[in-house]
Structures are given as C-alpha cells and as structure tokens.
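A short worksheet on the structure shown next.
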Amino acid sequence: MPIHNAEIAEMFNRLADLLEIEDANPFRVRAYRNAARTLNGLPRSVVAMLEEGEDLSRLPGIGKDLAHKIEVIVETGRLPALSEIERHTPSGLVKLLSVPGLGPKRVRLLHETLGIEDVEALASAARGGALRRLAGFGPKTEQNILHALETRGAEERRVKRIVAEATAEDLADYLRGIEGVVRVEIAGSYRRRRETVGDIDILAACGPRSPIIQSFIDYEDVAEVLSRGRKRSTVILRNGLQVDLRVVPEASYGAALYYFTGSKAHNIAVRTIGLKKGLKINEYGVFRGERRVAGRTEEEVFAQVGIPFIEPELREGRGEIEAARQGRLPSLIELSDIRGDLHVHSKASDGRATIAEMAKAAHARGYQYLSINDHSKRVTIAHGLDARRLARQLAEIDRLNEGMTGFLILKSTEVDILEDGTLDLPDDVLCRLDLTVCAVHSKFGLSRDRQTERIIRAMDNPCFDILGHPTGRLINERAGYEIDMERLLLAARERGCYLEVNAQPDRLDLTDLHCKMAKDVGVKVAISTDAHSVTDLDLMRFGLDQARRGWLEADDVLNTRRWPALKRLLRSR
DNA sequence: GCCGTTTTCGGCCCGACTGTTTTCAGTCG
C-alpha cells in the first residue's frame, strides 16, 4: 500500500525529536518539523506527485536533501537517518517528551545519568526520589512530573469542537463580566475553527488594575492551576480541558489576537516577511525600532506587513500568504450563501421528525428547498426503505409540495452502496428522484483498492449524484475506511458526480484538506447536515467551518444555488 | 536542513512562567 503523507511527516517529527535529544543543531531540527508540517498540510499525496514527475523540493521547507529522503521513504518505506539514530538513542525517549515539564534537555539528562528510557522507569525514579538530585531538577520538579504521570499520563487528546464550544463560551462570558475587562475572545485553533481543539486559548484586553487573573483561577470549573503570572495563567478545568488566558492592554489587542490565533506556521511566515521590511511583530504590536506602528486591530497588523486580511480559517501555512500577496485569496463561503439542505432523514427511517416538520423547520431557516434522504432497505437497523415504501414517500412529498409556495421538498434517498458497487434500490426507482445521496455503511475493512473501486463502480450508475460521508470516519472514534481520495475525485469529475461535506460534528467528512483537494481537482461539494431531527438542521455551520478551512467559495458548493440551477448540475435530471 | 527584493553564506520568531538558581536554563505555546 502506498505510504501516506502523514506517515512520512511522522518519521520526520520522530527524527526531529531524537535529534533534539541528541542536542543537534536546533535549526536542523526545525527544518524536519517544518517539512513535516508541510507534508501534513498538502492536499495531494507525495506518492502521486512523484508519479507525475513533480519536483518536491519546490514545496515550502523541503529542499534537495529532504526531497531525496522523501523519495527514499516512498520507495523503501524507511528513513535510513531515523534507523541510524535509533541505533544509539532509544526511540522510547520520544514518548518522554510528551510528559509535561520534560523537554529534550531533561530527557537527555534522565537517559544519560539514570538510564531512564520509558515512562515506567521515569515514574519509579520519581517515586524513589531520584530525580530531585539531578542538576537543574529539584523537589518541586520531581513532584510535578509525578503528578503529571499520575493524573494525565503522557497522553494528549484533542476534543471535538462541539464539546469544547460550550465550555469555552461560558468561560469567555464569565470573563467578560469581570471588572476592568474590555474585550474577550477565544483565539487559537478554536478561532481557526478546527474540527478538534487541544486546549483553549482565551485573550483578554483590560486595564492594569483588573482582577482578571484572580477571577480566572477562581472560576467554579477550575480543577487545577498550572501557572499564574500577571499576563498569563493556565488552568485545567474539571472536564480535563486546559485553558490558557493571556492578558494584554487594549492597544495591543489586535496584535495579540493575531499572534494567539496562529497557526504557528502561519505566524512564523508572516513574522519573517515583517523582518525583511524592518518590522518586529510580537503579541504587543508591530514595531519599527522602538516605535509601535500597529497593534490595536488585526487589520492594522496586516496593513503594516503589506498583505490583505487573511481569514482565521486559512491561517494554516498552506499557501495562504502567497495567495494573499498575489491577490488570489478565496472569497470564503458563508452560512448565508446556503439555500437548502441536501441530506436529512425523516421518521420513515431513523429520523425523529415527519417530512412536514422538517420542511417547515428548513423553510423557517430561510432555505428554499430540503431533500429527504431516508436510508435504503439494506440498512435494516435504521428501518431502511424498500422500493414500495419509497414510492409511498414520493407521493406524500408531492402532496406536501402542493400545499407550499416558495419552498420545495426534494425527493431523494441515502441509498446504500453495496459491496459490489451496486446501489440498494432499482435504477427505475432511483431515476424518479430529484437527486441521490449514495453512501457506504458496511464492509469498512476492504482494501484501499477494492474500497475505491467499489465506490467508483457505484458512480458508474447514471443515477449517482452525491457521495455521502465519503470516508466514513468518526472523529476520535474510528478512522475512515481506506480510499484513494485522488482517484475518487478524478472519477467523480469524469462522471459528473459530487462529494458531500457531512456537517455532523462527529463526522465532518470530507475534511478540510479533502475540501481543498476537491476544489483543486474541480469537483463541487454539497454541504449537508445529515439531520435526524429538526434541531440538527442547525449543524450546518460546522460543515461551513470545514468548507471555509478548505478554501471553498460559494461557487464550489452545490447548495448555494437556487433549485433550477442546482438541477442543471445533477446528472440525467 | 532551508532559504534568498541584504541570494550561495549566515542567518533562522520570541515572550512568559517556573523552578532552580543568585542571574538563568528549560519548557511552553
């Protein structure tokens, strides 16, 4: 099986960790990490790029040497430099780096003086009081390490955005009510609207006498205070989420918001541009010498650096800065562009509301149409519809449509793609529908080639319109089934098929990178909620987040169109 | 190891906090 970009990135990150423990040139270490970040943000697999004869050294952060190393990895599955370093530096040391409070210097010291190679040995050394005797360590450090191991281990876990939302917004509201506080915003990956959040970064602007830090650590949900200074404090909430609060004066608010929104890769790139223009950029402002020339708003910062405003969703170091300089930034799709939902369920299968209730709710949200997509019979657990029940549903939709003006219920299905690539309803039934959403619900374990061919065979059916939840992944629960996304997109383009961005917060499938891939290949997507209830219709915004992070504009999305225009894009309709 | 409107060498983002020190190293984001 061809190697994934993420696996190559993982090798580079591992090598960077080990090099750092060996006290290698820090800039060399950074080069490996930068290359890993580039690989993780690529919309295409390097395997495919190499097959097409592309020069990898043209990618940012990848020069001649790393391009060659990637080729070797693609050919052999191995990175010789990594194997070499693992011969004299135990690879178990990498795990120690994720223990809070331990960095490369200390890990190296632990290994050289106490022979510690893994987390278990570290814990027992800490319990035995061996750490406090090491240079630079002390009783407090030893205790902190032990505490970290006992409470959270070396595990790091990102939580789904929707889970982080309620916690973060409540805390932000609480902070807004504190004396002297002028502005509060949640920055970090939360503001970039990533699908998962590692910790929550909150930025506050307030006067010098505001008791905000004390109030922050007094917040009722705080379980543990990790640090507290005058400008910054970090706590762990009872639900395990880590929250960082940064406090800046109002004059620095925009610079700080920009700085703490990240991403790191984006910030570094912009700061480097600033440096070339003689500007120093930090969280307090943009400085020319000692003089602050910007800082109150993000717009000021961009203006000083000389590039147009870049939306937070795009700030991932994936080419947005080049695009901004060349005036090629996308005009990102907005929620108000959406004119209808193309994937919802009713009581007929596993939904909780009637068709009429769903339609009324969709109309109330300003939509012009709503497509009803109950499961097909193969999905027995969801009371999937056979041809006869579907025919009755179509008659019901006709009746409902007669009673409505300015709104249309579309006849559709979420038809199962069977193992052999055929669809779970007869063609003569499917072709009577306004559109079809086709999806995989079984046999997730097929090989990458067989799974891809299964779906492409399904697309060969002229009634196939939209591939629903294209990878089947559930965030933090299961990886998607193996598919060759590039092949799938090319096949979709040839056949006039589309892919779905499923807006369920557990799915968000396609991912942001897949959205970008689809756009680059020229395949439009539908952003759909897969709603099983009236309130689920409001999940649309999560799909929008994902699409915006994937650089999509209104034109790239099917359901920004009025029905007549949308109908013309669907096959054989 | 990468990079170039200071271009093939000599730079490479930078500030806050903690715990150890007694002026700062290490870690973190």
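Each chain gets a letter, A, B and so on, in the order its sequence line appears, and its residues count up from 1.
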What nucleotide among [options] has an atom nearest to a side-chain atom of [X]?
| X | options | result |
| --- | --- | --- |
| A:L66 | B:dG19, B:dG1, B:dT27 | B:dG1 |
| A:L275 | B:dC14, B:dG29, B:dG1 | B:dC14 |
| A:Y259 | B:dT27, B:dC14, B:dT18 | B:dC14 |

Requested in this report: Would you indicate what A:K277 reaches in the nucleic acid, counting non-hydrogen atoms under 4.0 angstrom: base, sugar-phosphate, or nothing?
Outcome: nothing

Query - Sugar-phosphate only, base, or nothing, as touched by A:K280 at under 4.0 Å among non-hydrogen atoms - result: sugar-phosphate

Query raised in the report: In residues 302-325 of chain A, which ones come under 4.0 Å of DNA chain B, going by heavy atoms?
Result: none

Requested in this report: Go through residues 281-288 of chain A and report each residue with a non-hydrogen atom lying under 4.0 Å from DNA chain B, sorted by number.
Outcome: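 Here the set is A:N282, A:E283, A:Y284.
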
Requested in this report: Would you tell me whether A:N239 and A:T167 have side-chain atoms, one donor and one acceptor, within less than 3.5 Å of each other?
Outcome: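 There is such a pair (donor and acceptor under 3.5 Å, judged by atom type) between the side chains of A:N239 and A:T167.
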
Query raised in the report: Taking for each residue the nucleotide of DNA chain B bearing the nearest heavy atom, is the 5' side occupied by A:G103 or by A:P60?
Result: A:P60

Requested in this report: Specify the residue among A:S233 and A:R246 whose closest nucleotide of DNA chain B lies further upstream toward the 5′ end.
Outcome: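 Nearest-nucleotide comparison on DNA chain B picks A:S233.
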
Query raised in the report: Taking a pair as Watson-Crick or G-U wobble with both distances under 3.5 Å, which nucleotide is matched to B:dC9?
Result: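 Pair assignment: B:dC9 / B:dG4.
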
Query raised in the report: If the P atom of B:dT21 is compared with that of B:dG26, how far apart are they to the nearest Å?
Result: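 Result for the P pair: 13 Å, nearest Å.
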
Query raised in the report: Does any N or O donor sit under 3.5 Å from an N or O acceptor when you compare the side chain of A:N25 with the base of B:dG1?
Result: yes

**Report entry** Protein-nucleotide distance (A:K231, atom NZ; B:dG29, atom P), rounded to Å
**Finding:** 19 Å

